[in-house]
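Please read all numbers here as calculations on a predicted model, not as lab measurements.
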Number of protein chains: 2
Amino acid sequence: MRLIAAELGVSVSLVSRALSGKAKEFRISQSTEQAILKSAKRHNYSPNRVARGLRLGKTNTLGLVVPNISNFFYSNVVRQVERAARDKGFSILLADSQDDEDVERKSVTILRESMVDGIAIAPCGLRCDHIVSAKEEKFPIVCVDGYFPDSGVPYVISDHIAGARMAVRHLLENGHSEIAFVQGYPDVQVSYDRLGGFKAELADYGIAVKDHMIVGEQFSYQSGYEAARKVLERQHPPTALFAVNNEIALGVLGAIQEKGLSVPGDVSVVAFDDLPWVLHLRIPLTTVAQNYEELGQGVVDLLVQSIQGDTPQQSVSVVVPVRLVERGSVRKLRSLRNAHHEISSSKIL
Amino acid sequence: MRLIAAELGVSVSLVSRALSGKAKEFRISQSTEQAILKSAKRHNYSPNRVARGLRLGKTNTLGLVVPNISNFFYSNVVRQVERAARDKGFSILLADSQDDEDVERKSVTILRESMVDGIAIAPCGLRCDHIVSAKEEKFPIVCVDGYFPDSGVPYVISDHIAGARMAVRHLLENGHSEIAFVQGYPDVQVSYDRLGGFKAELADYGIAVKDHMIVGEQFSYQSGYEAARKVLERQHPPTALFAVNNEIALGVLGAIQEKGLSVPGDVSVVAFDDLPWVLHLRIPLTTVAQNYEELGQGVVDLLVQSIQGDTPQQSVSVVVPVRLVERGSVRKLRSLRNAHHEISSSKIL
DNA sequence: GATTTTAGCACAATCGTTTGACTTCAGGGG
DNA sequence: CCCCTGAAGTCAAACGATTGTGCTAAAATC
């Protein structure tokens with residue numbers, strides 16, 4: 001800008017205004033405006049976003065924190081968030097928290113130091129003081145996938161409870177009553193919700209929840225694998241397993257395969273998270289599909305709303321519906337179902 | 001910083017120096033240093049990276065451009081790049097070019113406007129003027145996955161040629177000579193290399209390349225699906241297919257399944273890109289595995305080297321070895337192989 | 001002809017940090 | 001008594017853009 005100003009013998013302010021299209025507003029003569037624009041082209045000038053950010057107090061950048069970007073679910077969320085953000089003129093500053101609360105915390109700090117205009121975060125734990133304190137300082141922040149009830153932090157999530165219920169109902173309706181719940185790290189809201197849905201649906205059918213059927217401790221292949229192994233080695237193994245995310249689902253399949261069991265012949269499987277490759281698994285998995293696009297779009301919308309100050313309602317949040325995609329990894333157990341009816345007089349749809 | 005300075009009745013410069021640990025160097029009395037540090041804690045001050053970036057001319061941020069972050073390959077690269085960058089104190093400004101050269105071009109502009117200290121880019125096309133011009137302006141930029149020969153732009157790539165050769169050799173050694181090459185967008189260096197490897201290996205075995213066996217036009221499920229369908233419907237269909245990336249591989253599997261064919265019974269498949277779920281496919285795929293970690297680490301290393309000005313060699317680039325992981329999607333065709341030998345007197349290992 | 005308007009532009013502060021160049025004061029050596 | 005040294009700090013200019021205010025002519029008005 002200096003260069004241009006000097007070259008044309010005008011002031012920098014003039015250049016700035018001309019380049020930001022405020023020529024009319026500030027009565028800049030057509031001749032100088034054209035000269036400035038032309039000169040800018042020649043030097044192929046492009047504004048310094050950092051300087052502008054400093055002056056304007058906003059950078060047109062959104063921070064995005066996810067626990068593990070190589071997880072297909074998150075990479076899709078990232079993609080959708082990036083797309084939605086770009087549509088609104090924002091760039092994405094990305095941080096991978098590696099499922100570590102400390103890293104997450106540091107990432108949030110760095111993002112705020114970087115003057116991002118807002119942060120979208122898929123939290124990896126239960127502690128949320130860094131998030132809440134951001135919110136209390138009027139810093140735009142929105143959770144995605146996970147959330148913190150009563151924290152007042154807005155969120156965009158899939159309907160975890162309904163998703164879990166749908167999956168379990170599907171199993172129940174096919175006669176399964178011995179269902180293992182293979183979860184990830186239990187102490188996050190997502191886990192609470194999915195487990196809650198699982199239990200609630202069982203309760204609706206009058207079936208008691210057995211604690212030993214709730215297994216697993218991490219959102220990883222390994223954890224899913226070990227948990228499934230353990231539960232399948234019980235004296236009375238489950239007839240169906242519900243895997244709480246895609247990585248765990250793979251672990252579960254690994255364990256099943258290793259035991260020489262077949263899906264759905266010996267054991268049925270339903271998983272949370274839909275993936276393109278489930279179709280081509282040995283047995284196409286029946287899954288609860290989440291809507292990445294709505295999640296990504298939703299979180300960006302909320303964030304941008306909050307940034308622009310028009311926050312109509314206090315804490316608007318979005319719950320995106322999920323849907324069950326049946327693919328044949330669940331076996332119909334008529335006999336068992338009927339048997340069970342007589343015993344438990346469970347509620348029938 | 002102002003606040004702290006005012007509160008203690010000292011100048012901002014003092015605060016700045018104290019906080020950046022230059023107390024000794026600038027002979028700041030222990031008492032004031034402590035006071036400043038204490039005050040900073042109380043206000044939980046954290047520096048403004050934007051202001052610092054403006055002043056210092058560097059932001060400790062790396063730009064990263066990938067064609068499609070929801071592709072498992074790229075999401076892993078992103079993860080590794082992010083990790084390696086964080087280890088060196090850099091953040092990642094992410095852009096998804098959506099396999100669109102114009103978007104890619106704009107992304108590079110935005111990243112440079114954002115004063116990132118360097119850019120890692122997985123190019124999605126053949127045009128590279130924006131990349132070369134960055135390099136010519138001494139702007140640190142490194143390609144990953146793709147590259148531009150003779151452009152002088154450093155790169156970190158997998159050994160595409162060797163990978164393709166390994167895959168093809170494996171097929172040849174199992175008696176396949178009618179191999180379809182299911183590629184993506186042909187006009188990128190990656191495609192040239194993989195196709196080149198394919199042809200070279202066939203040539204080494206004295207087998208002529210048939211143009212109608214080279215199919216596909218995009219790096220997508222759909223493209224892989226359609227290409228596989230078409231080639232399988234020929235009068236003399238191939239006995240094996242080589243899918244050039246993971247999404248295409250899925251499309252190929254989809255087509256095979258739809259035709260009611262079995263892998264490897266009716267047709268063998270090898271794919272580029274290793275994925276966690278290939279183990280649990282109907283038939284575990286034999287794949288060419290890339291080393292994400294080395295790719296990510298390598299590109300960050302090169303970039304940081306270039307940023308810090310110590311560029312030992314002119315254009316250091318890295319070619320990361322790949323390895324073939326056999327899993328049983330290739331059938332041994334003794335008969336066919338022998339038959340073929342007699343006809344073509346092909347070179348045998 | 002005096003005054004007001006207005007077109008066209010320049011000045012300078014500002015955003016938050018960093019940093020080279022000064023300043024000030026006390027004490028020591030000659 | 002003067003000069004020098006060193007300790008402890010201050011000043012002010014940058015970085016690159018934006019923006020409120022002020023200035024100067026020429027044109028319009030009465």
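Residues passing the side chain to side chain contact (heavy atoms under 4.5 Å, CB included) test with B:M1, sequence neighbours excluded: B:V12, B:V15, B:S16, B:L19, B:Y45. Applying the salt bridge (Lys or Arg N to Asp or Glu O under 4.0 Å) test to A:D129 and every residue at least two apart in sequence or in another chain returns A:R105, A:R127. Residues satisfying the side chain to side chain donor-acceptor pair (under 3.5 Å) criterion with A:N76, sequence neighbours excluded, are absent altogether. Qualifying salt bridge (Lys or Arg N to Asp or Glu O under 4.0 Å) partners for B:D145, counting only residues two or more places apart in sequence or in other chains: none. For B:R42, the salt bridge (Lys or Arg N to Asp or Glu O under 4.0 Å) criterion is met by B:E7, not counting sequence neighbours. Every residue was checked against the salt bridge (Lys or Arg N to Asp or Glu O under 4.0 Å) condition with A:E25, not counting sequence neighbours, and none meets it. B:T32 meets the side chain to side chain contact (heavy atoms under 4.5 Å, CB included) test with B:I28, B:S29; sequence neighbours excluded. With sequence neighbours left out, B:N68 forms a side chain to side chain donor-acceptor pair (under 3.5 Å) with A:R79, B:S70.
Between the CZ atom of B:R112 and the C1' atom of D:dG16 there is a distance of 16 Å, given to the nearest Å. For A:R49 and D:dA17, the CZ to P distance is 13 Å, given to the nearest whole Å. One can place CZ of B:R52 at 18 Å from P of D:dG16, the figure rounded to the nearest angstrom. In this entry the distance linking CE of B:M1 with C1' of D:dC11 reads 14 Å, nearest Å. Per the geometry, CG belonging to A:L3 stands 11 Å off P belonging to D:dA17, to the nearest Å.
Heavy-atom distances under 4.0 Å link DNA chain D to A:K22 of residues 19-36 of chain A, given in residue order. For DNA chain D, the residues of residues 53-63 of chain A within the heavy-atom distance limit of 4.0 Å (strictly under) are A:R55, A:L56, sorted by number.
Within 6.0 Å of OH in A:Y292 there are more than 12 heavy atoms belonging to other residues, nucleotides or ligands.
The phosphate of D:dC15 has OP1 or OP2 within less than 4.0 Å of a side-chain N or O from A:R2. At the phosphate of D:dT18, OP1 or OP2 sits under 4.0 Å from a side-chain N or O atom of A:S16.
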Find every protein N or O atom lying less than 3.5 Å from an N or O atom of nucleotides 24-28 of chain D, and list the pairs.
none

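Using a 4.0 Å heavy-atom cutoff across all strands shown, A:V50 reaches no nucleic acid atom at all.
Along DNA chain C, the nucleotide nearest to B:L14 and the one nearest to B:A51 differ in position, and the one closer to the 5' end is contacted by B:A51.
Closest to the A:N48 side chain, of the nucleotides C:dA21, C:dA10, D:dA17, is D:dA17.
For residues 125-150 of chain B, the set of pairs meeting the ring-ring contact (aromatic ring centres under 6.0 Å, His included) definition, not counting sequence neighbours, comprises B:Y147-B:Y155.
For the residue pair A:Y192 and A:D187, a side-chain donor N or O sits within less than 3.5 Å of a side-chain acceptor on the partner.
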